[in-house]
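To start, the structure under review is shown below, and the notes come after it.
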There are 2 protein chains.
Amino acid sequence: MTATPMNEPIMDLVAAKERGFTLDDCPVRDVLDKLSGKWATLLLFELHIGPKRFGVLRRSVPDISQRMLTQTLRTLERDGFISRTVKPTKPPSVEYALTDMGASFMPLIAEIVAWADQNHEQIRLMRRTFDAVE
Amino acid sequence: MTATPMNEPIMDLVAAKERGFTLDDCPVRDVLDKLSGKWATLLLFELHIGPKRFGVLRRSVPDISQRMLTQTLRTLERDGFISRTVKPTKPPSVEYALTDMGASFMPLIAEIVAWADQNHEQIRLMRRTFDAVE
DNA sequence: CTGTATCCCTCCTGATACTG
DNA sequence: CAGTATCAGGAGGGATACAG
């Protein structure tokens, strides 16, 4: 309702903006774009429990298509969030695991999850109220 | 590189998943979908500095089209992140401001920004390395 | 000043089938 | 088992013009 006082982390945000990044150049978007995909955070979460093979991941997230599983894993690997290790077994198996950088990102997701958990009731209420007026 | 040990916040995430939300029903997606839009977080940030009128917002984020500005503000208002107040001035003016709930979400964005700030160099390096191999 | 309405186009996503 | 290829649908986003 009111303007909240500036705090330390937000100052970082101001700094980031004033450092003059363009929209395509903005480091924040590099991260936000990871969150935005439908499956990225879910897969990061699965791998945070522990390293998993391709097939195991597919069974852990049954709604994902094989195409999107491959594609999302590739993107996360490209950006260094996860590692991909081919093991020369008889039918070759591939294991995916969180990198240190990927792991360092998980607490942020966890905080968002906790926040969502506390606020989703109110959000849905607001939404229904808003829609009722229109 | 290694599987990180489970910590408290992540347990919340596990709990959220095991509480059996479907993909469309998941409260976490309610929040993540806000972050995912191209403009939502940018506008939240602008309003975190202080309440702003429509025209001021448009000038603050010059790259946004009028259509997307209206649309994004409407979505954020609908979910209770921001408030919209019409002031009966001569040419009517509309002021947008963060709600308490919206303000409580800002520290999370700030942490992501800080993380992005620390890691975007490495992410870009990983990306170039990955692309070079292919 | 603050929006709405319309058109268009790209990207994300899913379904299916196929390969080493 | 792990991955690629192809096709199709829909949402997100931009440009422009118009309205209260």
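A, B, ... follow the sequence lines: proteins, then strands. Residue 1 opens every chain.
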*Return the nearest nucleotide to the side chain of P91(B); candidates are dC1(C), dT2(C), dG14(D).*
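Of the options given, the side chain of P91(B) lies nearest dC1(C).
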
*asked:* Is the shortest side-chain heavy-atom distance between L35(B) and F105(B) below 4.5 Å?
replied: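 The answer is yes; the side chains approach within 4.5 Å.
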
Quick one: [X] [atom1] to [N] [atom2], roughly how many Å, whole number?
X      : N       : atom1 : atom2 : answer
R58(A) : dA15(C) : CZ    : P     : 14 Å
L69(B) : dG3(C)  : CG    : C1'   : 10 Å
D33(A) : dG12(D) : CG    : C1'   : 13 Å
M68(B) : dA5(C)  : CE    : C1'   : 15 Å
K52(A) : dC1(D)  : NZ    : C1'   : 18 Å
Q71(A) : dA15(C) : CD    : C1'   : 14 Å
R29(B) : dC12(C) : CZ    : P     : 16 Å
E95(B) : dG3(C)  : CD    : C1'   : 17 Å

*Return no unless some side-chain N or O of K38(B) is found under 4.0 Å from OP1 or OP2 of dG14(D).*
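K38(B) to dG14(D) OP1/OP2: side-chain N or O found under 4.0 Å.
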
Holding to side-chain hydrogen bond (donor to acceptor under 3.5 Å, both in side chains), I want the full list of residues that pass it with [X], two or more places apart in sequence or in another chain.
X      : value
R67(B) : none
T85(A) : none
K52(A) : none
T70(A) : none

_Salt bridge R127(A)-D30(B), side-chain N to carboxylate O under 4.0 Å_ =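 Salt bridge: yes.
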
*Pairwise 5' ranking along DNA chain C for P92(A) and S36(A), keeping only the more 5' one*: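 Going by which nucleotide is closer to the 5' end, it is S36(A).
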
_Terminal axes of the helix from dC1(C)-dG20(D) to dG20(C)-dC1(D) (five pairs each): angle between them, nearest 10 degrees_ =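 Answer for the end axes of this duplex: 40°.
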
Restricting both atoms to N or O, compile the protein contacts to nucleotides 3-7 of chain D shorter than 3.5 Å, with distance only.
{"from": "dG3(D)", "atom 1": "OP1", "to": "R74(A)", "atom 2": "NH2", "distance (Å)": "3.4"}
{"from": "dG3(D)", "atom 1": "OP1", "to": "R84(A)", "atom 2": "NE", "distance (Å)": "2.9"}
{"from": "dG3(D)", "atom 1": "OP1", "to": "R84(A)", "atom 2": "NH2", "distance (Å)": "2.5"}
{"from": "dG3(D)", "atom 1": "OP1", "to": "Y96(A)", "atom 2": "OH", "distance (Å)": "3.2"}
{"from": "dG3(D)", "atom 1": "OP2", "to": "Y96(A)", "atom 2": "OH", "distance (Å)": "3.1"}
{"from": "dG3(D)", "atom 1": "N7", "to": "Q66(A)", "atom 2": "OE1", "distance (Å)": "3.4"}
{"from": "dG3(D)", "atom 1": "N7", "to": "Q66(A)", "atom 2": "NE2", "distance (Å)": "2.9"}
{"from": "dG3(D)", "atom 1": "O6", "to": "Q66(A)", "atom 2": "OE1", "distance (Å)": "2.8"}
{"from": "dT6(D)", "atom 1": "O4", "to": "R67(A)", "atom 2": "NE", "distance (Å)": "3.1"}

*So Y96(A) and F54(A), would you call those rings parallel, tilted or perpendicular, with 30° and 60° as cut-offs?*
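Rings of Y96(A) and F54(A): tilted, 30 to 60°.
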
*Please check if the side chain of S93(B) supplies one atom and the backbone of T89(B) the other of a donor-acceptor pair under 3.5 Å.*
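No, because the side chain of S93(B) does not come within donor-acceptor range (under 3.5 Å) of the backbone of T89(B).
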
_Within this structure, what is the OG1-CE distance for the pair T41(B) and M106(B), rounded to the nearest 0.5 Å?_
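One finds 8.5 Å between OG1 of T41(B) and CE of M106(B).
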
